[in-house]
Trainee: 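What follows is a structure written as structure tokens; I'll ask about it next.
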Amino acid sequence: MRNREGAATATPIQTMPSLPAYMNYPLDDVPAPGETLPIADGVRWLRMPLPFMLGHINLWLLDDGDRTTLVDTGLNSRETQDHWRRLLEDHEVSRIVVTHMHPDHVGSAGWLHEHYGAPLYMTRAEYLMCRVLVADTGQPAPRAGVEFYRAAGFDEAALQRYQERFGGFGKAVYDLPQAYHRLQEGDVMTIGARDWRIVTTSGHCPEHASLYCERDGLFIAGDQVLPTISSNVSVWPTEPDADPLGFWLDSCRHLQDELDDDVLVLPSHGKPFRGAMGRLQALIDEHEDNLDALITLCAEPRRAIDTFEALFQSRITDGNLIMATGEAVAHLNHLVQRDRLTRETDDAGVHWYRTAQG
Ligand SMILES: [Zn+2]
């Protein structure tokens with residue numbers, strides 16, 4: 001999307017020239033992959049490598065008495081697990097907390113559980129959805145998937161490629177433990193000397209968990225608020241009429257209500273920053289601008305794939321077509337929900353969107 005970059009979105013990396021005035025990065029240093037940097041008493045910032053676009057994910061190590069609670073785990077990869085082995089050589093792990101089910105966050109959770117015996121903490125929707133997606137690995141693409149992308153305007157070649165690539169999710173995720181501990185909105189986890197309140201949000205994934213220590217002004221944001229990129233908000237074939245963008249916008253407003261403006265945001269990608277309120281507003285505004293652009297565009301009937309130019313700065317290629325389509329449908333579904341667009345399906349099963357009259 002506009003001014004977006006990175007693995008979480010359909011758009012390639014674009015470096016922001018500078019942060020807007022309402023934001024700042026209080027820390028100059030960034031840990032090298034596999035290294036940690038203290039952020040606050042008992043909180044360490046750990047970076048793990050990612051083989052795609054952004055190149056890194058931020059994880060957090062929280063002192064928990066003489067043990068350590070981990071927040072997010074990195075991909076299921078040899079490189080990540082080698083880093084963990086070294087980092088945890090003299091540590092006992094008390095808990096493995098996972099913000100959400102995307103492979104860069106949950107990928108090594110099962111491996112860590114198996115090797116260090118610590119229990120897994122996730123929200124229910126993330127845990128269950130992750131198990132469902134892992135179970136798809138090695139299966140043929142479902143008919144619902146082919147119908148969904150045909151409806152979006154894919155040609156036969158693109159549908160063929162979708163089917164060939166289906167089921168890759170599980171390769172980046174180590175099998176989850178068979179049991180987990182459920183996180184819910186408002187839960188308080190006491191970790192070492194701090195109380196962390198769970199704040200759940202939706203849109204980027206079904207039930208994302210962030211951790212908020214109000215007393216010390218620390219917010220472990222996961223992918224819910226990132227400093228320079230907008231998290232991917234997509235519709236998937238499993239629930240073709242979903243309105244994740246509606247949930248995403250509500251979630252941004254929920255966080256505006258919950259957080260203090262001077263909170264230090266610890267995001268999963270990029271650097272810790274201050275200026276949460278302004279950043280949340282910019283995320284909302286960016287999506288609202290995109291929605292306005294689609295209302296104008298759909299004066300003539302359009303398919304999802306016809307909206308890319310209005311939504312994305314960069315060209316959509318084979319490699320990011322699925323992501324881009326998911327984001328486009330998220331915007332279109334939201335406008336249908338708001339009665340700003342109508343949707344008609346032609347004889348070939350393709351959805352056409354048109355600006356609603358009156
Ligand atoms: Zn994510």
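Every number for a ligand or one of its atoms is a count from 1 in the order of the listing.
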Trainee: Which atom name would you report as the N, O or S atom of Asp223 nearest the Zn ion (ligand 1)?
Mentor: OD2

Trainee: Quick one: side chain to side chain donor-acceptor pair (under 3.5 Å) pairs with a partner in residues 32-46, sequence neighbours left out?
Mentor: Trp45-Asn58

Trainee: Look at His100 and state whether any of its N, O or S atoms is less than 2.8 Å from the Zn ion (ligand 1).
Mentor: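 Yes, His100 qualifies, because one of its backbone or side-chain N, O or S atoms lies under 2.8 Å.
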
Trainee: If you measure only the distance, is there a donor-acceptor pair under 3.5 Å linking the side chains of Ser108 and Asn76?
Mentor: no

Trainee: Taking the Zn ion (ligand 1) as the vertex, measure the angle between atom NE2 in His204 and atom ND1 in His102; round to 10°.
Mentor: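 The angle at the Zn ion (ligand 1) comes to 90°, rounded to the nearest 10°.
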
Trainee: What residues, two or more places apart in sequence or in another chain, satisfy salt bridge (Lys or Arg N to Asp or Glu O under 4.0 Å) together with Arg338?
Mentor: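 So Arg338 forms a salt bridge (Lys or Arg N to Asp or Glu O under 4.0 Å) with Glu288.
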
Trainee: Would you call the rings of His287 and His331 parallel, tilted or perpendicular if under 30° counts as parallel and over 60° as perpendicular?
Mentor: tilted

